Every structure is written in C-alpha cells, then in structure tokens.
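Read the structure below first, then the notes.
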Amino acid sequence: MFILGAFDSALIICLFMLYAGPSMAQVLQKGVGDDLRKLTFMTSVLTPVFGIQGCRVTRCGYTGEDGVEISISNECCLFKISVPSGDVVSLTEKLLADSEVKLAGLGARDSLRLEAGLCLYGNDIDETTTPVEASLVWTIGKRRRQAQDFPGADIIVPQIKAKTQRKRVGLISTGPPVRQHTPVLSSDGRVIGEVTSGCPSPCLKQNVAMGYVEAGFSKVGTSIKVEVRKKAVPAVVSKMPFVPTKYYMGQ
C-alpha cells in the first residue's frame, strides 16, 4: 500500500508518502543504506532513499500495519534540505516500479485505521473529548499526571481516578454498515450514544465502527443496537483493535 500526499505553503513544500504492508521492509531495504531492522516503531532516520537525498523515514503510520512515512522537504521542522521536484517524481517512480507496491487512496487508509482502532481527529476525538473518554489515557505519562502541568489537567486527572459518563468503544453490527453520527441505542430503544466512524471491514468482512456510549454500556460483549435508515440493527460492543496491529518493535 502506497499513499502519496503533498503540502505546499509559503513556508513548507513537502512530499509525504505512507508506505505500509507485509513487504514494506523488504522493498524499502533495497533503496536505503541503513539497516531497517534497527528502525523500530516510532523512530526515524534521515537517509537517502533510492539515491534521493533529504528523506526522513519514520517507522510509523496510520494503518496498523508495519509501515513508514517518508517526507522530502526543502524546509520541514528541524531540517532544511533543497530537493528538486524531479527527485520527488523519481522516488515515486522507483517505489512503484516494484510489483509489490500498489497505490491506495485515503478511503483504503481510513478503513485500515478503523480496523486498527485508531482515532481520526474531528470524528472520534476533538476539543470536547478527553483522553479518558476516548480510552487514550496511555498517552499521558506518569510524571505529567503527577505534575498536572498540561492543558485540561484539572478536568482530565480527576477523570482518571473516577469514572466518565461516556466511553469510546468498538462496535460490530449486522445489516447495512453504520456511518458517522449514527445513533446508538439500548435494547429498549433509548439513545445511549453516537457512532463517530464506521465502514465495512475489508479484512473481517463485517461492519465495524467506533463511537461513544454511556459508560454503563461500554463493557465488551454488551448487546446494543444502532439506528440505520430509521431501523434498529443489532450490534455488539467489541474490543479494539478489530484487526491485530503489526507494528515493528524489533527482533
């Protein structure tokens, strides 16, 4: 899977690529001098890629698969490198020349990130959502919890110790797929929450979604309903990720 993006402003001109999948390391290793076995999840290296200078390769991604993000920039964050536009085209062509590499759009990426249980800002989290509600407490380190030196600490830290009124959960449903803003219902038809993301899962061949429900309905295995086209459809609260992630943590 290969997704290509570009950012262009008065300050930054940046090519951004996401390359992920089972054969990623095998293909990319042919074009980099660094040993990718030493590049673990959430680490990066500045290295030529297939002869193209000025590439920042970060082992991360937004699909749940082992992947890398490759950025080429003339002024990007902490490094400044001049990259001719022809090099951008050349790198793209060299990657696509391998039969293992296929182009994929944002729709494919969105279904994969949902299968991996990853939030999309603006859908699943926003300025009104706390990390506790979103089941993202792991993003707040012990020191910061103790120091309470981050924005919103006066609200978030008490929530960690107590309970919230709502929780982000995974959902698996039957029938038509559920979409953003679909109401979530209790067995007696009362609205108990809302879906924030949903789609058919290409890997599971089932409808998957995530959303927020009242805390009392957040236990995995709880039977609920979702309202699709004004009809109540059976659903069940599911553990996330729906599909196991394959991040590379080293050998």
Side-chain angles (χ1 to χ4, degrees), residues 1-7 14-25 27-28 39-44 56-71 95 100-140 166-173 176-182 184 193-213 218 220 226 235-249:
M1 176 176 156
F2 177 65
I3 296 176
L4 182 66
F7 305 91
C14 184
L15 172 80
F16 171 83
M17 305 176 186
L18 165 62
Y19 180 30
S23 61
M24 180 280 298
V27 173
L28 192 62
L39 188 68
T40 54
F41 183 60
M42 296 305 291
T43 62
S44 71
R56 172 68 65 177
V57 179
T58 305
R59 200 153 197 167
C60 61
Y62 193 39
T63 65
E65 291 287 337
D66 180 24
V68 294
E69 293 180 350
I70 306 173
S71 58
L95 283 168
E100 290 290 320
V101 182
K102 305 295 182 184
L103 283 171
L106 293 179
R109 187 223 54 188
D110 193 55
S111 64
L112 289 169
R113 70 93 188 166
L114 180 52
E115 289 179 338
L118 301 176
C119 294
L120 176 63
Y121 188 83
N123 282 40
D124 311 303
I125 52 175
D126 57 28
E127 293 180 345
T128 69
T129 312
T130 71
V132 184
E133 293 173 328
S135 300
L136 296 173
V137 176
W138 59 268
T139 62
I140 307 173
R166 62 174 186 162
K167 295 287 288 185
R168 180 175 66 94
V169 298
L171 300 170
I172 293 179
S173 65
V178 296
R179 302 294 186 186
Q180 184 183 10
H181 303 311
T182 296
V184 181
E194 183 178 87
V195 170
T196 53
S197 291
C199 72
S201 165
C203 293
L204 299 179
K205 311 302 181 185
Q206 291 179 296
N207 299 324
V208 298
M210 70 171 73
Y212 289 83
V213 299
S218 63
V220 172
V226 288
V236 63
V237 175
S238 173
K239 183 180 179 180
M240 293 188 287
F242 300 102
V243 177
T245 57
K246 300 175 182 177
Y247 305 129
Y248 178 71
M249 301 299 182

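Heavy atoms only: backbone and side chains are in, while hydrogens, waters and symmetry mates are out. Source: prediction; values computed, not measured.
For the side-chain contact (heavy atoms from CB on, under 4.5 Å) with Val178, the lone residue among Ser173, Pro200, Ser197 that qualifies is Ser173.
How far CG of Leu18 is from SG of Cys60: 8.0 Å, rounded to the nearest 0.5 Å. In this structure, OH on Tyr247 lies 10.5 Å from CG on Asp66, to the nearest 0.5 angstrom. To the nearest 0.5 Å, atoms CG (Asn123) and CD (Gln180) are separated by 4.0 Å. Residue Ser44 holds its OG atom at 12.5 Å from CD1 of Ile70, rounded to the nearest 0.5 Å. Between the CG atom in Asp110 and the CG atom in Leu118 there is a gap of 10.5 Å [rounded to 0.5 Å].
Looking only at side-chain heavy atoms (C-beta outward), Arg166 and Glu194 stay at 4.5 Å or farther from each other. Residues Leu171 and Val237 have side chains in contact (heavy-atom distance under 4.5 Å, counting atoms from C-beta outward). Between Ser135 and Met240, the closest side-chain pair of non-hydrogen atoms is not below 4.5 Å. For the pair Glu133 and Ile125, the minimum side-chain heavy-atom distance is 4.5 Å or more.
Using a distance-only test at 3.5 Å, with no hydrogens or angles considered, a donor-acceptor pair links the side chain of Tyr212 to the main chain of Asp124. When atom types are taken as modelled, the side chain of Thr63 and the backbone of Glu65 share a donor-acceptor pair closer than 3.5 angstrom. In terms of modelled atom types and a separation under 3.5 Å, the side chain of Glu100 and the main chain of Val27 share no donor-acceptor contact. Remark: side-chain polar atoms of Arg113 are not paired, donor with acceptor, to backbone N or O of Tyr62 under 3.5 angstrom. Side chain of Lys167 to backbone of Gly211: no donor-acceptor contact under 3.5 angstrom is found.
Considering every non-hydrogen atom in both Arg168 and Leu136, the closest pair reads NH2-CD2, 3.8 Å. When all heavy atoms of Gly61 and Glu69 are compared, the closest pair comes out as CA-OE2, 3.7 Å. Between Leu204 and Ser201, the shortest heavy-atom contact is N-OG, 3.0 Å. Residues Ile172 and Ser238 share a closest heavy-atom pair of CD1-OG, 3.7 Å. Annotation for Val137 and Val132: closest pair CG2-CA, 3.7 Å, computed over non-hydrogen atoms. In terms of heavy-atom proximity, Met210 sits nearest to Leu114 at CE-CD1, 3.6 Å.
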message: Does Phe41 form a side chain to side chain contact (heavy atoms under 4.5 Å, CB included) with Lys246? I'd like the steps, not just the answer.
response: CA-CA 10 Å; Phe41 183 60; Lys246 300 175 182 177; over 6 Å; no
task: Walk me through it: do Arg179 and Cys199 pass the test side chain to side chain contact (heavy atoms under 4.5 Å, CB included)?
output: CA-CA 7 Å; Arg179 302 294 186 186; Cys199 72; 3.8 Å; yes
Working for side chain to side chain contact (heavy atoms under 4.5 Å, CB included), residues Val169 and Val184: CA-CA 11 Å; Val169 298; Val184 181; over 6 Å; no
task: Step by step, work out the side chain to side chain contact (heavy atoms under 4.5 Å, CB included) result for Val57 and Leu28.
output: CA-CA 10 Å; Val57 179; Leu28 192 62; 4.2 Å; yes
